Amino acid sequence: AMENKTIYIYALCEPNDLEKVRYIGKTVDAEDRFVHHLSVAKSDKVNYPVYLWMRGLIGEGELPILKIIEEVDGGNASRKGGGVGENTQK
């Protein structure tokens, strides 16, 4: 069950500046989620700011950095992931 799995709160950051967070999310499998984000960014189908930003990075031969901010046990992760707002455009 989900309940006892560790949930990772993660940030997608600028590759050259880990303090520049572009997106916050949560997942039980950070590697899998990262690969998923990359495949959506490459597919051109979804135009959320986070994917426009990632597409720009990929075009420059860069990738975002996924940084684990917090680990919580499955019972406590009611916070939803979502964009962090203003600075999503480069």
Side-chain angles (χ1 to χ4, degrees):
M2 269 291 275
E3 295 316 306
N4 49 12
K5 269 196 175 164
T6 301
I7 291 175
Y8 300 97
I9 310 293
Y10 66 93
L12 296 179
C13 310
E14 289 285 351
N16 56 356
D17 185 353
L18 295 185
E19 297 308 305
K20 282 200 176 148
V21 171
R22 301 297 192 185
Y23 182 88
I24 304 258
K26 66 175 188 182
T27 184
V28 291
D29 185 337
E31 194 176 339
D32 184 68
R33 176 58 58 89
F34 188 63
V35 170
H36 173 74
H37 277 305
L38 289 178
S39 67
V40 173
K42 289 173 182 171
S43 79
D44 261 17
K45 289 190 178 75
V46 182
N47 286 320
Y48 296 147
V50 64
Y51 293 120
L52 296 175
W53 163 68
M54 286 177 71
R55 227 165 272 154
L57 284 183
I58 291 165
E60 295 164 12
E62 302 269 5
L63 288 177
I65 304 295
L66 187 147
K67 180 171 71 171
I68 303 293
I69 303 173
E70 202 182 331
E71 297 179 23
V72 283
D73 75 49
N76 296 332
S78 56
R79 274 172 50 193
K80 267 206 165 98
V84 288
E86 302 86 54
N87 298 324
T88 32
Q89 263 67 22
K90 280 190 80 170

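This is a predicted model, so every value here is computed, not measured.
- Side chains of Ile69 and Ile24 form a contact here, defined as non-hydrogen atoms less than 4.5 Å apart.
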Exercise for review: Could you please spell out the steps behind the side-chain contact (heavy atoms from CB on, under 4.5 Å) verdict for Leu52 and Asn47?
Suggested key: CA-CA 6 Å; Leu52 296 175; Asn47 286 320; 3.6 Å; yes
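- No continuous path of ILVMFWY side-chain contacts below 4.5 Å connects Val35 to Val46, so the two sit in separate hydrophobic clusters.
- Identified under the salt bridge (Lys or Arg N to Asp or Glu O under 4.0 Å) test for residues 30-48, with sequence neighbours left out: Asp44-Arg55.
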Exercise for review: Please assess Leu12 against Lys67 for the test side-chain contact (heavy atoms from CB on, under 4.5 Å), listing each intermediate value before the final yes or no.
Suggested key: CA-CA 6 Å; Leu12 296 179; Lys67 180 171 71 171; over 6 Å; no
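- Tyr10 is listed as a side-chain neighbour of Tyr23, based on a closest heavy-atom distance under 4.5 Å.
- A search for side chain to side chain contact (heavy atoms under 4.5 Å, CB included) contacts involving Leu63 returns Leu38, Ile58, not counting sequence neighbours.
- Ala30 pairs by the side chain to side chain contact (heavy atoms under 4.5 Å, CB included) definition with Thr27, Leu66, Ile68, not counting sequence neighbours.
- When all heavy atoms of Pro64 and Pro15 are compared, the closest pair comes out as CA-CD, 4.5 Å.
- Cluster partners of Leu18, by chain and number: Ile65. The rule joins Ile, Leu, Val, Met, Phe, Trp and Tyr whenever side-chain heavy atoms lie under 4.5 Å apart.
- When the ring-ring contact (aromatic ring centres under 6.0 Å, His included) test is applied to Tyr51, the partners found at least two apart in sequence or on another chain are His37.
- Checked against side chain to side chain contact (heavy atoms under 4.5 Å, CB included), Asp17 has the following partners two or more places apart in sequence or in another chain: Glu14, Glu19, Lys20.
- Every residue two or more places apart in sequence or in another chain was checked for a side-chain hydrogen bond (donor to acceptor under 3.5 Å, both in side chains) with Asn16, and none qualifies.
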